[in-house]
Amino acid sequence: MCALRPAPRGSRGTRRGRRPARIPGSLLALLGCLPGFAAVTALVLCTGGADHITTARPAARAGLPTPARSTAAPAHTAVRPPIVPRTAWLDARTRRRQPPPRYDDKVVAVFVHHTDSPNGYDCADAPRIIRYLYTGQTGARDWDDIGYNFLVDRCGTIYEGRAGGVDRPVTGAHTQGFNHRTAGIAALGTFTAGSPVPQPMVDAIAALTAWKLGLADVDPRTMARLTSSNSLSRYAAGTTATLPALAGHNDGYMTSCPGAALTARLPEIRATAARLQGRTAVTAPSGTLTGTPQAGFRVLPFPPSTVMNNTRKTDRRRGR
């Protein structure tokens with residue numbers, strides 16, 4: 001009969017700072033009866049399990065909660081539409097130094113804008129137009145980046161706007177008071193009353209909304225509760241506002257943006273986005289709040305009508 005002798009303390013093979021796993025005497029006796037290879041295999045399996053248990057025990061003894069690991073995917077998602085990266089419109093000569101992007105935990109609402117620029121452009125000129133918008137916002141107004149998270153041209157091409165990653169909840173600078181937990185989509189053009197809104201643009205905004213809100217399982221037809229961070233918006237700072245999950249800029253700020261014509265197309269965009277998410281009936285309104293309200297703001301002279309009126313230099317560079 002073979003005998004299994006425990007290794008002496010401090011012998012090689014024991015990790016420093018870790019107690020070797022205890023093996024019951026009855027198990028040692030059983031292992032002693034097994035052939036050499038089988039005994040080694042059983043011992044490895046046994047000590048592996050015991051090591052896992054002893055690692056978990058201190059937290060249990062301390063009464064610490066075990067983190068819940070959720071692997072469930074959102075119930076209603078949509079295919080990510082093609083998105084042209086910002087490198088297509090931002091060259092090295094135009095690019096300005098900027099701080100790292102800021103993020104929220106998720107996006108629960110989308111604000112639609114128009115850029116208040118001419119409508120008769122060739123779609124091949126869209127990168128130049130976006131670069132012009134970027135230059136205006138980061139130059140004369142000293143913003144850290146373009147304010148919109150995305151821009152859509154008349155042909156339905158979607159462009160990445162603000163830096164930080166299109167699939168991440170980047171804090172934008174598009175709707176004063178409601179930049180947290182939202183995304184800003186700008187339609188290139190002016191869409192006041194009587195101006196036709198190209199169908200490819202409408203479809204692209206719907207597809208982008210469906211995908212972006214789907215990442216947090218938000219129905220674009222419902223309402224979202226957002227906390228105002230700025231009293232210059234339609235709501236005093238700290239006020240919880242109930243706004244459409246797909247809203248116009250004028251829902252959160254005193255402006256005519258995104259124009260009467262594009263505003264009239266928002267119900268269609270909501271319905272299309274919901275269909276792209278695979279939804280049928282309208283779900284309950286979202287009860288999600290934004291992040292902590294931010295500090296007070298002051299208005300710069302002659303702000304553009306389509307973007308947020310910016311603030312102190314330290315805040316406007318962060319897109320609050």
Could you tell me which non-hydrogen atom of P244 sits nearest to which non-hydrogen atom of A109, and how far apart they are? O-CB, 4.3 Å
Of all heavy-atom pairs between A187 and I205, which one has the smallest distance, and what is that distance? CB-CD1, 4.4 Å
So if I apply the side-chain hydrogen bond (donor to acceptor under 3.5 Å, both in side chains) rule between H249 and each of Q176, H113, H174, H114, which one comes out positive? H113
Go through D142 and R96 one step at a time and tell me if the side-chain contact (heavy atoms from CB on, under 4.5 Å) criterion holds. CA-CA 10 Å; D142 199 24; R96 291 168 56 92; 3.3 Å; yes
Calculate, to the nearest 0.5 Å, the distance between atoms OG and CZ belonging to S256 and F191 respectively. 13.0 Å
Rounded to the nearest 0.5 Å, what separates atom CD in E160 from atom CZ in R86? 6.0 Å
Please check: side-chain N/O of N149 versus main-chain N/O of R162, any donor-acceptor pairing under 3.5 Å? no
Do you reckon W89 sits in the same ILVMFWY cluster as M201, going by side-chain contacts under 4.5 Å, direct or chained? yes
Is the closest side-chain heavy-atom distance between P258 and N250 below 4.5 Å? yes
Whether the side chain of D251 engages the backbone of G248 through a donor-acceptor N/O pair (distance < 3.5 Å, no angle test) should be reported. yes
Would D153 and Y121 count as a side-chain contact (heavy atoms from CB on, under 4.5 Å) if you check the C-alpha gap in whole Å, the side-chain angles of each, and the deciding distance to 0.1 Å? CA-CA 9 Å; D153 71 13; Y121 57 89; 3.7 Å; yes
Interatomic spacing from CG in L151 to CD1 in I129 - rounded to 0.5 Å: 10.5 Å
side-chain contact (heavy atoms from CB on, under 4.5 Å) evaluation trace for Y103 with V170: CA-CA 5 Å; Y103 298 94; V170 179; 3.6 Å; yes
Would you call R131 and D91 a side-chain contact if the rule is heavy atoms closer than 4.5 Å? yes
V110-L276 co-clustered via ILVMFWY side chain contacts under 4.5 Å: no
Considering only residues two or more places apart or on different chains, which pairs with a residue in residues 86-203 satisfy disulfide bond (SG atoms under 2.5 Å apart)? C123-C155
Do the side-chain N and O atoms of T171 and N179 include a donor-acceptor pair separated by under 3.5 angstrom? no
Indicate yes or no: at least one non-hydrogen side-chain atom of L243 is less than 4.5 angstrom from one of Y235. yes
Pairwise distance CZ(R279) to CG(D219) - rounded to 0.5 angstrom: 4.0 Å
side-chain contact (heavy atoms from CB on, under 4.5 Å) between K212 and F150, intermediate numbers included: CA-CA 11 Å; K212 194 65 178 175; F150 303 93; 4.3 Å; yes
In terms of hydrophobic clusters joined by side-chain contacts under 4.5 Å, are I185 and I83 together? yes
Out of curiosity, Y148 OH to T175 OG1, how far, rounded to the nearest 0.5 Å? 9.0 Å
Can you tell me how far the OG1 atom of T115 sits from the OH atom of Y132, to the nearest 0.5 Å? 11.0 Å
Nearest non-hydrogen partners of A204 and G156, listed with the distance: CB-O, 3.3 Å
Applying a strict under-4.5 Å side-chain criterion to I, L, V, M, F, W and Y, I'd like to know whether L246 and L215 cluster together. yes
Picking from L262, T209, T263, what satisfies side chain to side chain contact (heavy atoms under 4.5 Å, CB included) with V112? L262
Considering non-hydrogen atoms only, spot the tightest contact between Y134 and I146 and give its length. CD1-N, 3.8 Å
Tell me the closest heavy-atom pair linking G252 and F111, and the distance in Å. N-CE2, 4.1 Å
Atom of D167, atom of W211 and distance for their closest heavy-atom approach: CA-CH2, 3.7 Å
Sub-4.5 Å side-chain heavy-atom contact between V166 and R80: yes
Evaluate the side-chain proximity of S229 to F178: yes if any heavy-atom separation is below 4.5 Å, no if none is. no
When you measure from the side chain of T190 to the backbone of S117, do you find a donor-acceptor pair of N or O atoms at a distance under 3.5 Å? yes
Any donor-acceptor pair under 3.5 Å linking the side-chain atoms of N230 with those of S233? no
Test side chain to side chain contact (heavy atoms under 4.5 Å, CB included) applied to V108 and D217, L226, L213, T182, the passing residue: L226
Qualifying salt bridge (Lys or Arg N to Asp or Glu O under 4.0 Å) pairs, either residue in residues 254-265, two or more places apart: R265-E268
